[in-house]
Visitor: 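Below you will find the structure I want to go over with you.
Letters A, B, ... are given to chains in the order of the sequence lines, protein chains preceding strands, and every chain is numbered from 1.
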Amino acid sequence: MTEAKAPAKRAGRKVELDPRLAAYQGVWVFVEHERGQAHSVSWELMGEGRKLADQLGVPLSGVVMGAPGEDTRRFCHEAFRYGADRCYLMEDPVLADYRNQPFTQGLTELVNAHQPEILLLGATTLGRDLAGSVATTLQTGLTADCTELNIDPENRSLAASRPTFGGSLLCTILTLNYRPQMATVRPRVMPMASYDESRSGPIIEQPLHLIETDIVTKVLDYIPDNRQDRPQLPFADIIVSGGRGLKSPENFQLVWDLARVLGAEVGASRPVVQAGWVELDRQVGQSGKTVRPKLYIAAGISGAVQHRVGMEGADVIIAINNDPNAPIFDFATYGIVGNALQVLPALTEAFRQHLAVARKAG
Amino acid sequence: MHIVVCIKQVPDSSQIRVHPVTNTIMRQGVPAVVNPYDLFALEEALRLKDTYGAQVTVLCMGPPPAEAALRKAISFGADDAILVTDRAFAGSDTLATSFALASAIGQIGRNMAVDLVFCGKQTIDGDTAQVGPGIAKRLDLQLLTYVSQVDRVDTERREIVVQRRAEGGVQVLQTRLPCLITMLEGTNEMRFASQAGMFRAARHPVRVWDKAAAGIEDVAKIGLKGSPTVVSKVFAPQPKASKAEQIKCESNAPKDLAVTLIAKLFTQHPALESAISAGTTGSI
């Protein structure tokens, strides 16, 4: 037996992967669905998973769990079109509604049977519930709410970055000697994967040996949200947001005015929500919603990290702020240094005229 | 009914300080409070105590000063408090933390069986929401996360009905005791501590458990050793390569700035114009 001593790159940290764990290969994305609809975060993760799988040179797989029927097959085919090479499908009547016990058991069995090295889930109420449970049953590492995923070239492990301490800094977390490496990502943090109608792949089925009487928790009822009542910020194409620079709740009306002309949703920064000018559902940022609109107009918002991580995925950002050194100008597309109370009504009027002319011409 | 509420003491401010060598968070000098999300869990437990009668034990893992968080909980009406503290816990991630807390709950249950465990939705410092599910799995408790309301508890039949926030709606779930509930924020309002409660809190003997008292034998499962995840670096967000293009015009009047911006916007991003027109129907 030879004792070749490799130079330790990180003191006290084992870099070589246990041979037992080297058998874990491939990237998995859990495809979340509810009431016949796949959650878009699954396809956002599929794009990210594709990138990781290509870097590692391994296949990308979707994982679909649900009651037998057309929907689960449809989600598998959608997973292929969004980039999966293959799909693992677990169908059972007990998986009709999400419940922790059967989903945890099912996903744990799938992982143990097929041994992926990376498993990604959406940081939704379902994804967080399931990920936290499965990581415990598998006794492995899980990093929540990642904003960036990469492969560490040094040891081929998943480098998962996330905001730390209220979003003032970011940190990168590794899971070195445990597999699979698990991570969750909040909806709208990653862009959607590209869709290719022609893509297809094999579906690998695995049964779940559970019967309804084995399951302790029962779903008595499901009360869907009235979608009309709640702002749908995460999926809005255009968002007009206001911050503390608007000075008073009355002035916030200027944001609503511009939003109406643009057919936009209204967002807000944390101080404005805390002051009660607008409802909690409209808060954009680390402790609020993450948005990816085509156009984001920020009026009187300084652009602190906490707000930035919630909206920097916008295609175009227009920032209006009277402080030329406000951090928002560091990452906006267009900046107007000026008083938002004057610029907002001017923009509202200019957009109104432009759109009226365009409509006549069209 | 015996209810255990897990609470955590967290730094009050977002004033983050990170140890330059170990990249772990330095807690010294930052004022500490009870994790705000945990207060919704505690209040819900106290309400069940009011309605059904219960013994409420609060459990906290942390350094010795975390005792203050437990005294706070006593002042609100909790009956007993246990602080699990040991140098061996340093560097624990969520997996190691849930192991330690589950062991401690196991020890608590030896004197009086535990029917319900409450946790907050997540903490404001870690923000992972992983410890609650971890404890439930380790103790084989039914897990109910993001609970917005406890509808009823049937202590005879040992059943509980709750409302759970799901992505597109609310699930009404029925399960058997014992179970673990993570409570959604904004679902109740923390009561005020009575004067008697505050006196009681000051005098109450908080039980302090080290790892042995918490029933932990395998030290490979706690602290850095028991933590699969490692923080490899902490960093500030990257500034973008290019700054915002400043919109300027001769007059610099708001009206002219607006017109200049819109012309530039729709020239450089023509798709936006159709996106906006599509979103605005009817007269404007």
Visitor: Using a strict cut-off of less than 4.0 Å between a Lys/Arg side-chain nitrogen and an Asp/Glu carboxylate oxygen, indicate whether B:R165 and A:D129 qualify as a salt bridge.
Guide: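 No, this pair does not count.
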
Visitor: With a 4.5 Å cut-off on heavy-atom pairs, point out which of B:L261, B:D93, B:T182 contacts chain A the most.
Guide: B:L261

Visitor: Within the structure provided, determine whether B:T145 and A:T125 are in side-chain contact (heavy-atom separation under 4.5 Å).
Guide: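 They are not in contact (no side-chain heavy atoms under 4.5 Å apart), so the answer is no.
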
Visitor: Measuring only between side-chain heavy atoms, which start at C-beta, is B:E245 closer than 4.5 Å to A:T333?
Guide: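 No, side chains not in contact.
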
Visitor: Given a strict heavy-atom distance threshold of 4.5 Å, which part of A:S161 is in contact with chain B: side chain, backbone, both, or neither?
Guide: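 Side chain only.
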
Visitor: Under 3.5 Å, is there a donor-acceptor pair between the side chain of B:Q246 and the main chain of A:Y334?
Guide: no

Visitor: Of the options A:L176, A:L142, A:T175, which is the one that meets B:P228 in a side-chain contact (heavy atoms from CB on, under 4.5 Å)?
Guide: A:T175

Visitor: Answer with side chain, backbone, both or neither: which region of B:V161 has an atom nearer than 4.5 Å to a non-hydrogen atom of chain A?
Guide: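 The side chain, not the backbone.
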
Visitor: Could you walk me through whether A:R128 and B:Q130 satisfy the side chain to side chain donor-acceptor pair (under 3.5 Å) test, starting with their C-alpha distance in whole Å, then the side-chain angles of each, then the deciding distance to 0.1 Å, before giving a yes or no?
Guide: CA-CA 7 Å; A:R128 283 172 156 226; B:Q130 284 161 210; over 6 Å; no

Visitor: Applying the side-chain contact (heavy atoms from CB on, under 4.5 Å) criterion to A:V219, which one of B:Q171, B:Q174, B:R164 satisfies it?
Guide: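 Looking at B:Q171, B:Q174, B:R164, the match for A:V219 under the side-chain contact (heavy atoms from CB on, under 4.5 Å) is B:Q171.
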
Visitor: Under a 3.5 Å distance rule, please check whether A:Y222 uses its side chain to pair with a backbone N or O of B:G169 as donor and acceptor.
Guide: yes

Visitor: Taking the side chain as every heavy atom from C-beta outward, state whether B:E273 and A:H354 have any atom pair closer than 4.5 Å.
Guide: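 B:E273 reaches A:H354 side chain to side chain.
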
